[in-house]
Protein chains: 2
Amino acid sequence: MRTRSQLLFACLLFSAMAWSQASAVKKSYSYINPLIGTQRMGHTYPGATVPFGSVQLSPDTDTIPYELNKKYNGKVYEYCAGYQYEDRTIAGFSHTHFSGTGHSDLGDLLIMPTTGALQLNPGTASNPKTGYRSAYSHANETARANYYKVKLDDHNITAELTTSQRVGFHQYTFPKANDAHIILDLIAGIYNHNEKNVWTFVRVENDTLITGYRQTQGWARTRTVYFAIAFSKPFRQYGARKYDEGNIYKGFWRKFDETKNFPEAAGKNIRMHFDFETAENEQVKIKVAISPVSTIGALENMKKEIPHWDFYKTMHEGELLWEKELNKINIETIHEEDKVNFYTAMYHAFINPTIYMDGDGSYKGLDQNIHKADGFTNYTTFSLWDTYRALHPLFNIIQPQRNTDMIKSMLAHYDQSVHKALPVWSHYANENWCMIGYHSVSLIADAIAKGNTGFDMEKALGACISSSNLRYYDGIEYYLQYGYVPEDKNGSSVSKTLEYAYDDWCIAQIAKKLNKPDVYDTYMRRSQNYRNVFNKSTGFMRPRLTDGSFKKEFDPLDTHGQGFIEGNAWNYSLSIQHDPEALVALNGGKEKFTQHLDSLFAMQLPDKYFEKTEDITRDGIIGNYVHGNEPSHHVAYLYNWTGYPWKAQSRVRMILDAMYHPAPDGLGGNDDTGQMSAWYIFSSLGFYPVTPGSDQYALGSPKVKKAVLHFENGRSLVITAKNQSDKNVYVSKVELNGKMLDRPFITHEELMGGGELIYYMTAKPKK
Amino acid sequence: MRTRSQLLFACLLFSAMAWSQASAVKKSYSYINPLIGTQRMGHTYPGATVPFGSVQLSPDTDTIPYELNKKYNGKVYEYCAGYQYEDRTIAGFSHTHFSGTGHSDLGDLLIMPTTGALQLNPGTASNPKTGYRSAYSHANETARANYYKVKLDDHNITAELTTSQRVGFHQYTFPKANDAHIILDLIAGIYNHNEKNVWTFVRVENDTLITGYRQTQGWARTRTVYFAIAFSKPFRQYGARKYDEGNIYKGFWRKFDETKNFPEAAGKNIRMHFDFETAENEQVKIKVAISPVSTIGALENMKKEIPHWDFYKTMHEGELLWEKELNKINIETIHEEDKVNFYTAMYHAFINPTIYMDGDGSYKGLDQNIHKADGFTNYTTFSLWDTYRALHPLFNIIQPQRNTDMIKSMLAHYDQSVHKALPVWSHYANENWCMIGYHSVSLIADAIAKGNTGFDMEKALGACISSSNLRYYDGIEYYLQYGYVPEDKNGSSVSKTLEYAYDDWCIAQIAKKLNKPDVYDTYMRRSQNYRNVFNKSTGFMRPRLTDGSFKKEFDPLDTHGQGFIEGNAWNYSLSIQHDPEALVALNGGKEKFTQHLDSLFAMQLPDKYFEKTEDITRDGIIGNYVHGNEPSHHVAYLYNWTGYPWKAQSRVRMILDAMYHPAPDGLGGNDDTGQMSAWYIFSSLGFYPVTPGSDQYALGSPKVKKAVLHFENGRSLVITAKNQSDKNVYVSKVELNGKMLDRPFITHEELMGGGELIYYMTAKPKK
């Protein structure tokens, strides 16, 4: 038994982390395990960030230039977030990372502390000693909310990382060393390659401060990150090396030795080093502030957010921010580890979109001009093909204010878009055009359906209409002409037709709310276009050609060349999210369709059907149902429309268990900026938004024993699962505020009214 | 005899130009001939600009990448201003040009109207038909103040150009054509090469407006020009071609055909075309606004400056601006053509430095952040090694307000400089470090000596001290250690030592005015350092080595490898501008030094001594005296210190006649942003600032018959040369306001007091 003074000693020794664990009530944030999803294809990162933080400070174990993907056997895709759990070396710590995305970019401003002879190249995973990278061990690694710690074995340095909104805070504990270095690698980047860097500009303002920017082309075609970096200890010397001498006009800079203690560097590819002498256990701390607009902005961000050198103070402030966000839902669970899954899912759901503006609201727009966010917080990183499904619907329940600001950010994007289009997949003042659809309209429709209308709805409708008529975008001119995208004109034609039809339904819903019957009629007609690609004879959606005929060769199991993208006909044919009843009817009615769904889950899909597909791996598949990628996310709930809700219940619980567990390989596919996690949260709570843009949720089977949702409207909803257990996966009845729900659905208004939602759990299906 | 109605008809027919010529009083601006200096090495351009205008819209006949200079037999240097009079083709019209510089950059946003099959590459001078360029003839070319006109023979298009401060205005008269094009070449640039472009970003906002920016590395290492381009007629289609496909990550932009009617383009090297159908004599007008900070800034500049499509209105406004500036000095001359020389010299003197900020005062600083000019107009393009000598002293007389703003711009540069240094040679938010010395201090000292003190003098002194102690700059650490720059440590060591010593004297003068005796003493000591490189045995300044010995091999006629830059020992040894008396003494007294000067002018310099030197050509040489380059500009006036002022008088008149004439080859060397022209103006008026930083001017021999100088202080000075003629080049006496000047000098105070300065001219020297 410990005495009180021993406890106090422990507190001091282990700081906030230990304190939190030692305290009586376990904080929600302490359940966060950022390592979940860092193995295989989760594409999450283990480093430090605050909720929706502009800085994501995280270790990069490797990066592979996108162009070299084939050479590396497709491994580039593993490094979307810079870190792979199975790697044995760390190259350094960079400041920007996507969480869970299906393509990548970022990895800006890689910093690495080293000792020994100066090495300016990163070395390779197979020959780590040839560069500055270091071996590390998971035994010496800690990843928590807003905190990451690792021992860098090759350099005998302990690295600790934390962040504020726009500042990365590094704390490096060095051994005694005459030759301690901090490397700033301005070439490093995720998916980086020789030509990705466009320009780099650095100034050594004094012996503890540097400023500059790096401009890249890549997924974001024209992206610039401005920075200011402060050191807690003056460097005794420094240097810069350019890796593009051959290309650069040196002019009269030849007067100088720009490699040593010269305070200005500019060029395409630059690495820098800052040299120190350190005593045993001496700490060198570094603050790296970023800005989307200027180095002055970065400096201001640093001054405002971290005007001190107290690493743990910043760490603790970030923990409190997470605690505040996580406390929007308090849960009780069957197993303690379910809380790890749940709160980590919330953590991953609350990382993207990230805030993209300086403290004063300045940000760079799509037009590359500097704008000021007027009356809203500007966000970036919209992975909308993924997140319209569950992440933004989740925000409409527990983050409505942020979701409204996200929509305002999308409308600002529209204002700045030369195409007069809402975002498709946007990040850092760029549209990257990834994936398909114009799903911004779903976010707008869903927010309106749920009463989160703090934006200019008339303008939003105009933006939706404009986006849906961008003729040169992805076959829209043909979609408008033929009522479907002909496969011979534009590939992935069925996926596009289905998603455009759903999006059109969303626009119709907005028009209805705004009392525009003409617009409503137009878009309701367009929303029926899914019918144009339904092939009655096979029962699948199937690509059609310009002449109206269906494509002859057709394999409904294959994901390639069949008119779909990231999904086969079996899965994608179920994408009539706006009209599941019609879907059931098209498929021969409830019984036949139920059997169809059963087959989906039960059949064995040979490896050959997904081995070429990055986004669909064995990890994420149950039968032929693909949970590891988004198009199927609503599928298990479709049983609610066939009269077999108990099948939905068991499938959902099965998926929750099979696809999520509290370990680095705990995600069955890309988290996709929180969409996979949002599915987990919804399904764990017992309902899911099958049709974003409507006010309805399909009921499933909760995994929690109890959850209390604290809404921004001041009300709370208590969800209780009576007789909850691993075996009691079926729901015998559901009561809302004492009244039985006689339907497998619940409305948004019912949820937000608060009170008590009780699920009665049982081991046997209520057929 | 013409009738009144005939005259009216002529007015209408020939527009403003004809009107101006037909009117009774000939305007000063009508004497401007922008073609002077466009042949050989004058490096001026013939295009349109307003005084100190941000836009210099001018034809480019060719450009040669700097790296290919050898391949082209050193011809790159001819194209510093983009135009060579002897060339037979024009590639297009670009918007930024230096006037007369000795190295180059700019040439942004080249526009070319064409007809016929679309050609997107410029073609070559030897095979012009392979590209969009066109033959032209000087017979069809007109160059006037703020107006340039040329017939493009290959396309049968008449091009007219004019400008406002930040907007270039094009007026193209097309033939009837189904295939009329406007080419926007975003690769073209002066000294451009494949790697000079860093990034280009363009948006087609609608069918009459495009915006964007181009970012280059080159003489300015990190330079971006933002633009907005408006067309008077909607283009019916357009396209973009990228010339760096191999390097560019295309990502999901592959969805689009970016080459045709796609409104967004980004990449390193891009050319665009805008296609029209034109009727016979149909005019298509284009306004190109530029900004140093943003496309929004460019658009605002366009709206403010030219909110209409009246080409001649803008042209006339610019003429009036020139008239206002030129009317600061009214002259009467022996020959009418002297007025062409004189007013064109004023024109060339009033082009650079250029205003570098948006209408609202925003500009990009050295730190690449956006700053706002607070209480001053920000200028850029400081060719200080050249212009400290006469151009800025001229400004201190007739442009004191602008000169004060220029100094404020230099102090802003200092604030933004990571080196804490004043400009050496700066342009467009960049220090390019061209040539030697820290001559900003001369500008500051000269302004203070002349009472133009509307800037923070204490701060200025601090900036001067800081600049003069920048140890890693051009041998200063050795200069501080040894009292001279040792040739074995740092080349061109004598030129540097001499100029540092002069600059140090300037700093001492500032310190004296600000009552800082310690600083004064320190810098007066430093100002004596020229003595450390004087070699008594040869009578020349001569490089010394670290061990104190003089360099053994030494050819005082050679400009290469002898410790000098752009000058030989004969010329450069005379560079003790701050102490001509000591110079005379060092050289053995008045008689001996007079003979030395006589030899300089009289000797024959073999070609081999300058054939490798770009800045010194036969055009600019009289004996061994090099007027075509700056170090000798004060030399003719040194006779005033030897008791032979009459020799100064005849030499000056001889130089005025030999080195300047009103024709394209009328300048004996680079105009160097107006320094050559300022020499002409001063010398024509009868005096010259041998020692900038002092309040004295050496008297020479005026070339004008009469000149009235209108000062900003409200006073006027009337300079009269009695008995002026081509033969009467000697001055028998000089009277200021009725009192004879008994010395060959006049003070700034005496000049600025106004009144009458009378030179009595005679054909015989007054010995």
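Order of the sequence lines sets the chain letters (A, B, ...), proteins ahead of strands, with each chain counted from 1.
The NZ atom of Lys255(A) sits 7.0 Å away from the SG atom of Cys434(B) when rounded to the nearest 0.5 Å. Expressed to the nearest 0.5 Å, how far CG of Asn369(A) lies from CG of Leu299(B) amounts to 8.5 Å. Considering NZ of Lys250(B) and CD of Gln217(A), their distance stands at 12.0 Å, rounded to 0.5 Å.
The most heavy-atom pairs under 4.5 Å with chain B, out of Gly212(A), Pro263(A), Ser294(A), come from Pro263(A). The residue among Phe262(A), Trp253(A), Trp219(A) with the most heavy atom pairs within less than 4.5 Å of chain B is Trp253(A).
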side-chain contact (heavy atoms from CB on, under 4.5 Å) between Gln215(A) and Gln215(B): does it pass, once the steps are laid out?
CA-CA 11 Å; Gln215(A) 185 180 353; Gln215(B) 184 180 353; 2.7 Å; yes
What verdict does the side-chain contact (heavy atoms from CB on, under 4.5 Å) test give for Ile296(A) and His371(B), after you've listed the backbone C-alpha separation in whole Å, the side-chain angles of each residue and the deciding distance to 0.1 Å?
CA-CA 10 Å; Ile296(A) 288 175; His371(B) 298 267; 4.3 Å; yes
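The aromatic ring centroids of Trp433(B) and Phe256(A) lie less than 6.0 Å from each other.
Counting only distance, with no hydrogens or angles, the side chain of Asn432(B) and the backbone of Gly251(A) share no donor-acceptor pair below 3.5 Å.
Pairing each heavy atom of Tyr213(A) with each of Thr222(B), the nearest pair is OH-CG2, 3.2 Å. Listed here is the closest heavy atom pair of Thr295(A) and Asp367(B): OG1-O, 4.4 Å.
For Asp257(B), the CG atom sits in a packed shell: over 12 heavy atoms of surrounding residues, nucleotides or ligands are nearer than 6.0 Å.
Residue contact with chain B, scored on non-hydrogen atoms closer than 4.5 Å, involves the backbone and the side chain of Tyr472(A) alike. Looking at Tyr473(B), the atoms closer than 4.5 Å to chain A (heavy atoms on both sides) sit in the backbone and in the side chain alike. Contacts between Glu431(B) and chain A at a heavy-atom distance below 4.5 Å involve the backbone alone (N, CA, C, O). For a residue to count as touching a neighbouring chain, one of its non-hydrogen atoms must lie under 4.5 Å from one of that chain's; by this rule Val204(A) touches chain B with the backbone only. Heavy atoms closer than 4.5 Å to chain B are found nowhere in Asn206(A), neither backbone nor side chain. Proximity to chain A is limited to the backbone of Ser417(B), based on heavy atoms less than 4.5 angstrom apart.
The shortest side-chain heavy-atom distance between Phe252(A) and His103(B) falls under the 4.5 Å cut-off. In this structure, the side chains of Ile370(B) and Ile370(A) come closer than 4.5 Å at one or more pairs of heavy atoms.
Taking a cutoff of 4.0 Å between a charged side-chain nitrogen and a carboxylate oxygen, Arg221(A) and Glu258(B) qualify as a salt bridge.
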